[in-house]
Asker: 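Could you have a look at this structure, given as structure tokens, before my questions?
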Amino acid sequence: MQLKNSVLLNPGLYIDGRWCEAPSTFTLRNPATGEPLAEVARGGREETERAIDAAGRAFAGWRREPAAERARCLRRWSELMLENRDDLAAIMTSEQGKPLAEAKGEVAYAASFLEWFGEEAKRVYGDIIPSHKADARILVTKQPVGVVGAITPWNFPLAMITRKAGAALAAGCTLVAKPATQTPLCANALAVLAEEAGIPAGVFNVVAGDTRAIGEALMASKAVRKISFTGSTATGKLLMRQAADTVKKLSLELGGNAPFIVFDDADLEVAVKGAMASKYRNTGQTCVCVNRFLVQDAIYDDFTAALSKAASGLKVADGFAEGAEQGPLINQAALEKVEEHVADALQHGGRLLCGGQRHELGGTFYQPTVIADANPQMRLAADETFGPVAACFRFNTEQEAIELANATEFGLAAYFYARDLGRVWRVAEALESGIVGINEGLISTEVAPFGGVKESGMGREGSKYGIDDYLEIKYMLMGGL
Ligand code: ADP
């Protein structure tokens, strides 16, 4: 990998402001080519405990820094990310596979959380409450929760870390990040820049490697007061159980099963554009990607034909190739899940409009796929495909659409396209999801609260609400006045 700033590429562990080795390493591979990228340190229990100790020691000083100083560090960190945008994107495309243009977009998105939360650090206000006693006063202040463990997935290797680290550090918390084993190099590049931005030793640590050992060390530690996790619902449930023993606070951003409803009064062209962005971005590997298209009867054929035309025109290629629009899936297991979902859908009466096969590029590349005549008996109706497969269900009435959309235990993002104002309000309020895109397929931004209801998790990230997850409320009663 050719980088302008080669120090960004570090295969070690970042603990207490120092780069360390681990007793063993693992080979990280490029998902597009299968070629080895680096021998990366495989951290485990001991390294995690050292990182937690360092974060605990650093907490005392970091929480006392004036908010403006924490803000300055976060702003500088954000600027450094943008200054190194091309290199960070190249590291990301190499280890994660997404097209370079998307990777560059993610760098800016990830940097935005650091800037945003740096600004929010200055606005952690308390309250004075009218007292219930004449000789007493009631004050409310907010304090950082303490050491935070951040466990993040591979699909957004930078943004999922900064969304947590920005809020945590702004609040005065210190953090141990456990990135996904597939994407440690992005996390480490962030650590290089954190140090350059002046973030003190121990405030931000990164330990990648043995997932189970690192996870258990974080969950068992009494010093870790909060876990912020983004990943699968199964892992989220496990962490929730493990958190019980030490009553850790939890923020969980788990799986979704996003519906995308197209009503017959929708602008078809706009709906197809939104559908493409929301479905095929990151090869369909995001928790807010559409999993179920619900299309009203009168425009069903027009919509599915237009979607399949657009999908079959996507350029599938190595993320570094000029004009690449869809990269590989992250690994073999992801490819097999997509194949299983497609086979199952076809067995249950699905009609293939395009794709449906592995791509001729081989490896984990898969063709952009559209399946018509989807129905609730198919596995993909209940289970997130996490791949480039658009399954289109048909409905007649608004009520039927709402019921279908909500017929899932998940509730992260939902989208719908309609122009009737009454319908827009009715449907937006009836959807059981934390996020609703109305005539819009891309909903992620640092200024808005991201998070789910039902089994999609708890807590919100980004926006003015995001910092609350890292703060404790303290009430002081001053008596005898
Ligand atoms: P995905 O399907 O996106 O890989 P996971 O929930 O498996 O979802 O992974 C998300 C993050 O959680 C990754 O960093 C992964 O290593 C981590 N993880 C997976 N299992 C555990 C576990 N038992 N304890 C702690 N972290 C885990």
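In listed order, ligands and their atoms are each counted from 1. Side-chain atoms are counted along with the backbone in the values below, which use heavy atoms only and exclude waters and symmetry mates.
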Asker: How far is atom 5 (P) of ligand 1 from the closest protein heavy atom, and which atom is that?
Answerer: S232 OG, 3.6 Å
Asker: Which ligand 1 atoms does T230 reach within 4.0 Å, using its non-hydrogen atoms?
Answerer: 10 (C)
Asker: Going by the order shown, which atoms of ligand 1 are within less than 4.0 Å of some heavy atom of W154?
Answerer: 1 (P), 3 (O), 4 (O)
Asker: Taking side chain as C-beta onward, heavy atoms only, is E115 less than 4.5 Å from E446?
Answerer: no
Asker: State whether the number of non-hydrogen atoms from other residues, nucleotides or ligands found under 6.0 Å of K464 atom NZ is greater than 12.
Answerer: no
Asker: Is the shortest N/O to N/O distance between Q242 and ligand 1 below 3.5 Å?
Answerer: no
Asker: May I ask whether F386 has any heavy atom positioned less than 4.0 angstrom from an atom of ligand 1?
Answerer: no
Asker: Using the ring of F229 (Phe, Tyr or Trp, six-membered ring only), decide whether K178 places NZ or CZ under 6.0 Å from its centre and within 45 degrees of its axis.
Answerer: no
Asker: Any atoms of ligand 1 less than 4.0 Å from a non-hydrogen atom of T211? List them with their elements.
Answerer: 16 (O), 17 (C), 18 (N), 19 (C), 20 (N), 21 (C), 26 (N), 27 (C)
Asker: Donor-acceptor check, side chain of T174 to backbone of V203, threshold 3.5 angstrom: yes or no?
Answerer: no
Asker: Report the nearest protein non-hydrogen atom to atom 25 (C) of ligand 1: residue, atom name, distance rounded to 0.1 Å.
Answerer: G215 CA, 3.6 Å
Asker: Counting non-hydrogen protein atoms only, what is the nearest one to atom 23 (N) of ligand 1? Give residue, atom name and distance.
Answerer: L238 CD2, 3.2 Å
Asker: If we count only N and O atoms by modelled type, under 3.5 Å, do the side chains of T230 and K164 hold a donor and an acceptor together?
Answerer: yes
Asker: Is it the side chain (CB and beyond), the backbone, both or neither of N155 that lies under 4.0 Å from ligand 1, heavy atoms counted?
Answerer: neither
Asker: Taking the side chain as C-beta and beyond, is there a heavy-atom pair between N188 and W19 under 4.5 Å?
Answerer: yes
Asker: For I330 and ligand 1, answer yes if some heavy atom of the residue is under 4.0 Å from a ligand atom, otherwise no.
Answerer: no
Asker: Please check if any side-chain donor atom of Y366 sits under 3.5 Å from a side-chain acceptor atom of T283, or the reverse.
Answerer: no
Asker: If we ignore angles and hydrogens, is there a donor and acceptor under 3.5 Å between the side chains of N5 and D87?
Answerer: no
Asker: If we only count N/O pairs under 3.5 Å, is T152 in contact with ligand 1?
Answerer: yes
Asker: Would you check the N or O atoms of K178, main chain and side chain alike, for any that come under 3.5 Å of an N or O of ligand 1?
Answerer: yes
Asker: If you count the non-hydrogen atoms of other residues, nucleotides and ligands that lie under 6.0 Å from CD in E21, is the total more than 12?
Answerer: no
Asker: Would you say atom 9 (O) of ligand 1 makes contact with the protein, given that contact here means a non-hydrogen protein atom less than 4.0 Å away?
Answerer: no
Asker: Could you tell me the residue and atom name of the protein heavy atom closest to atom 17 (C) of ligand 1, and the distance to it rounded to 0.1 Å?
Answerer: I151 CG2, 3.6 Å
Asker: Within the supplied structure, the quantity of interest is the number of heavy atoms (other residues, nucleotides, ligands) at a distance under 6.0 Å from K222 NZ; does it exceed 12?
Answerer: no
Asker: Under 4.0 Å from a heavy atom of T235: give me the atoms of ligand 1 that qualify, with their elements.
Answerer: 5 (P), 6 (O), 7 (O), 18 (N), 19 (C), 20 (N), 21 (C), 27 (C)
